[in-house]
Visitor: 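Attaching a single structure in structure tokens format; questions to follow.
Throughout, numbering of the chain's residues begins at 1 and tracks the sequence. Note: hydrogens, waters and symmetry copies are ignored here, and every other heavy atom, side chains too, is used.
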Amino acid sequence: QRNSAGCKHIMMRKVVLVACLLPCAWTMFTPSRVVRRAATMRSSTVASSAAAPDEVSPENPLKVLIAGGGVGGLMAAKAIRDMGGDNVEVQVLERVKDFRLFGGPIQLASNALETLRLIDEDLFRKVESKATFTGDRTCGIKDGIRTEWYAKFDLLSPAKDRGMPPTCVVARPDLQNIFMDDLGDIVKLGNGVESYERDPVQGVSAIMQDGSRVRGDVLIGADGIWSSVRAKMYGEPLVRGPGATAKYSGYTVFAGECYCDPPDKPYTGYKVYIGPQQYFVISDIGGGQMQWYAFVALDEGYVPPTDLLSYVKNRYEGWSDEIHFVIDATEIEEVEQRDLYDRKPMVTKSWTDGPVTLLGDAIHAMMPNLGQGGCQAIEDAHVLGQEISAVTKRSEVPNALRNYWGRRLVRSATVQGLSRFASDIIIRGFDTPCKITSNGFENFNYAGVVTRILQPVLPVFFWIQFNYLYSGWRNEPILGTAGADKAAQIEPPAPYVPAPGAASKTESETRAKEMAK
């Protein structure tokens, strides 16, 4: 028994000795590159789990992730990269693999163009070269049945008084290509953001379509009205229809494009034709093309019994020949239908969740009547660029995003409300104006009388509206912020002078041609 206990003791000592020598033997007999690789793997794991230093520097730049490569997302990437310089590193994470034409050309009002001009004059000139200017021509509302001018709105004077470019339209692919060429490989296509997780200390991880994760210090949800980032932030269901937070407006739009040359094209830019329970819009979009929109009050999800073009033609039977001129020039496959959704202004909830915020339609989706959806997203991008570029420490990010929210809340909510009001009053409030003729009264009913009474008031309303839109685009805070203080040191651009051939007509030429007609 004594010998047996001694043997067990000796065996235990040998086992301990072998266990101690194994790591040394592995190092001695394993190729050095394997050892180095294992050490690298261990160190990289430690580095990835370690928090980045609080100080922002070119060696440790602030990593900004942008979910969505639409106009707002690309503009945010441009503003943040240019204003932040070497202290920021931006990535745009876009769901689609290839950009395609969707939704037709985009209107860029003077406030958006001036914002773009302030960020990068050269980029603005590239956009200008692709633009068709409509704000320097006659624009307004027409009687949809009689084709008479009901009220005109002056887009040029409020812009001209402030040294700003007039309103224009640009094809979305042209605009996207200009931004993509400028931004280069920071735009990643084919893998969108599905959700996000805030890191325990600071920062955020974007959860991608394919299940991978991309870590950053900031995440900006610029992924549209059905935003995945928004759904995560507010705990909302990401669904359309019943249960959705974006509500159906009650209106469907039928949109078409055609090649045609209306007689009034050289001196009219944007025309709205009003009538009972619907209206029609025609705009020059350049390249010999016209864009039209038919706004109709219909149930959500309504599917016409015929092809879309025939349906629109029948809906507007008896309306102005100018409307049927563009409808008849349109091919069946060039018409699409979209139900219109919007949201009430988000004034009771924060736009931020620590290092995460929202931009454009993701936070303030609006009706298209003022053409301000993309314009307000560009203003968002500008303010975000100012506030994020002023960050010197990662711990300052949440406060910078709150400053952005504070600077944009009132203006974006006001524009949302104006857009919805314009939509409701045109469809539900306006009718064919009553009129006294040699044969007596025409359309002498409540809606017709109210429409006529409002006629002299509308020019005043338009004057107030466009002066507001064109005066507050800088979104200057009542109390200073780091971003606003930094922006105040930048020299404002000189008054706008169009490039040769850029602006379509001067104000005097427009009026002279109209008088001649």
Side-chain angles (χ1 to χ4, degrees), residues 62-81 88-103 106 172-173 175-199 203-241 243-246 336 338-339 341-343 346 351-365 373-374 376-378 380-381 384-385 388 401:
L62 194 73
K63 295 184 178 180
V64 181
L65 308 178
I66 300 174
V71 171
L74 296 177
M75 194 69 236
K78 168 70 177 173
I80 294 167
R81 186 198 64 180
V88 296
E89 182 182 293
V90 184
Q91 279 193 74
V92 179
L93 308 171
E94 168 56 42
R95 186 178 301 272
V96 303
K97 293 182 179 179
D98 297 295
F99 284 119
R100 63 183 180 89
L101 177 63
F102 180 77
I106 182 171
R172 287 177 190 268
L175 193 62
Q176 288 169 333
N177 287 337
I178 290 170
F179 284 145
M180 294 277 283
D181 290 344
D182 183 85
L183 294 172
D185 61 2
I186 72 173
V187 182
K188 313 296 183 184
L189 300 177
N191 195 15
V193 176
E194 288 289 308
S195 185
Y196 69 85
E197 282 185 3
R198 289 180 54 183
D199 291 355
V204 61
S205 294
I207 303 172
M208 310 302 291
Q209 275 178 281
D210 63 2
S212 62
R213 292 173 178 246
V214 181
R215 194 194 177 282
D217 300 299
V218 184
L219 173 62
I220 300 169
D223 46 347
I225 189 169
W226 309 111
S227 166
S228 298
V229 178
R230 178 194 173 99
K232 169 65 176 179
M233 181 181 290
Y234 297 133
E236 298 174 348
L238 193 56
V239 296
R240 301 190 186 198
T245 56
E336 64 176 17
R338 296 193 306 277
D339 288 345
Y341 297 83
D342 68 350
R343 287 190 172 92
M346 183 64 75
W351 291 13
T352 69
D353 177 21
V356 185
T357 192
L358 302 170
L359 173 152
D361 282 353
I363 188 62
H364 48 64
Q376 291 303 302
I378 289 174
D380 288 345
L384 270 172
I388 289 177
L401 298 185

Visitor: Can you see which heavy atom on Val88 is nearest to which on Ile80, and at what distance?
Guide: CG2-O, 3.5 Å

Visitor: Which heavy atom in Ala362 sits nearest to a heavy atom in Asp223, and how many Å separate them?
Guide: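 Closest approach of Ala362 to Asp223: CB-OD1, 4.2 Å.
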
Visitor: Is Trp351 close to Arg230 at the side-chain level, that is, under 4.5 Å between some pair of heavy atoms?
Guide: no

Visitor: Answer whether the closest heavy-atom distance between the side chains of Ile207 and Glu197 falls below 4.5 Å.
Guide: yes

Visitor: Return the minimal non-hydrogen interatomic distance between Ile186 and Ala77, and the atom names on each side.
Guide: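 Where Ile186 meets Ala77 most closely, the heavy atoms are CD1-CB, 4.3 Å.
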
Visitor: Looking at side-chain heavy atoms only, is the closest gap between Val229 and Val193 below 4.5 Å?
Guide: yes

Visitor: Does either side chain, that of Glu236 or that of Thr245, offer a donor lying less than 3.5 Å from an acceptor on the other one?
Guide: yes

Visitor: Taking the side chain as C-beta and beyond, is there a heavy-atom pair between Tyr196 and Met233 under 4.5 Å?
Guide: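 With C-beta onward as the side chain, the pair touches.
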
Visitor: Test side chain to side chain contact (heavy atoms under 4.5 Å, CB included) on Gln91 and Ile66 and set out the steps.
Guide: CA-CA 6 Å; Gln91 279 193 74; Ile66 300 174; over 6 Å; no

Visitor: So which atom in Glu94 and which in Gly69 form the shortest heavy-atom distance, rounded to 0.1 Å?
Guide: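 For Glu94 and Gly69, the tightest heavy-atom pair comes out as OE1-N, 2.5 Å.
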
Visitor: Which heavy-atom pair separates Leu74 from Met180 by the least distance, and what is that distance?
Guide: CD2-SD, 4.4 Å

Visitor: Is there a side-chain contact between Val71 and Ile106, using heavy atoms and a 4.5 Å cut-off?
Guide: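 A side-chain contact exists here, since the closest heavy-atom pair is under 4.5 Å.
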
Visitor: Test side chain to side chain contact (heavy atoms under 4.5 Å, CB included) on Asp380 and Leu358; report intermediate values, then the result.
Guide: CA-CA 9 Å; Asp380 288 345; Leu358 302 170; over 6 Å; no

Visitor: Do the rings of Trp226 and Tyr341 sit parallel, tilted or perpendicular, given the 30° and 60° boundaries?
Guide: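 Correct class here is perpendicular.
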
Visitor: With a 4.5 Å heavy-atom cut-off, do Glu89 and Val64 have their side chains touching?
Guide: no

Visitor: Could you please spell out the steps behind the side chain to side chain contact (heavy atoms under 4.5 Å, CB included) verdict for Leu183 and Arg81?
Guide: CA-CA 9 Å; Leu183 294 172; Arg81 186 198 64 180; 4.1 Å; yes

Visitor: Tell me yes or no: between the side chains of Asp342 and His364, is some donor less than 3.5 Å from an acceptor?
Guide: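 There is no such pair between these side chains.
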
Visitor: Considering all heavy atoms of both residues, which atom of Leu359 and which atom of Ala222 are nearest to each other, and what is their separation?
Guide: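 Looks like CD2-CB, 3.8 Å.
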
Visitor: Which of these passes side-chain contact (heavy atoms from CB on, under 4.5 Å) with Ile388: Ile220, Thr357, Val90?
Guide: Ile220

Visitor: With side chain to side chain contact (heavy atoms under 4.5 Å, CB included) as the criterion, how do Asp199 and Ser205 come out once you've worked through the C-alpha distance, each side chain's angles and the decisive distance to 0.1 Å?
Guide: CA-CA 7 Å; Asp199 291 355; Ser205 294; 3.4 Å; yes

Visitor: Side chains of Ser227 and Leu238: does their closest heavy-atom pair fall under 4.5 Å?
Guide: no

Visitor: Is there a side-chain contact between Gln209 and Arg95, using heavy atoms and a 4.5 Å cut-off?
Guide: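 Yes, side chains in contact.
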
Visitor: For Glu194, is there an ion pair with Lys232 - N to carboxylate O distance below 4.0 angstrom?
Guide: no

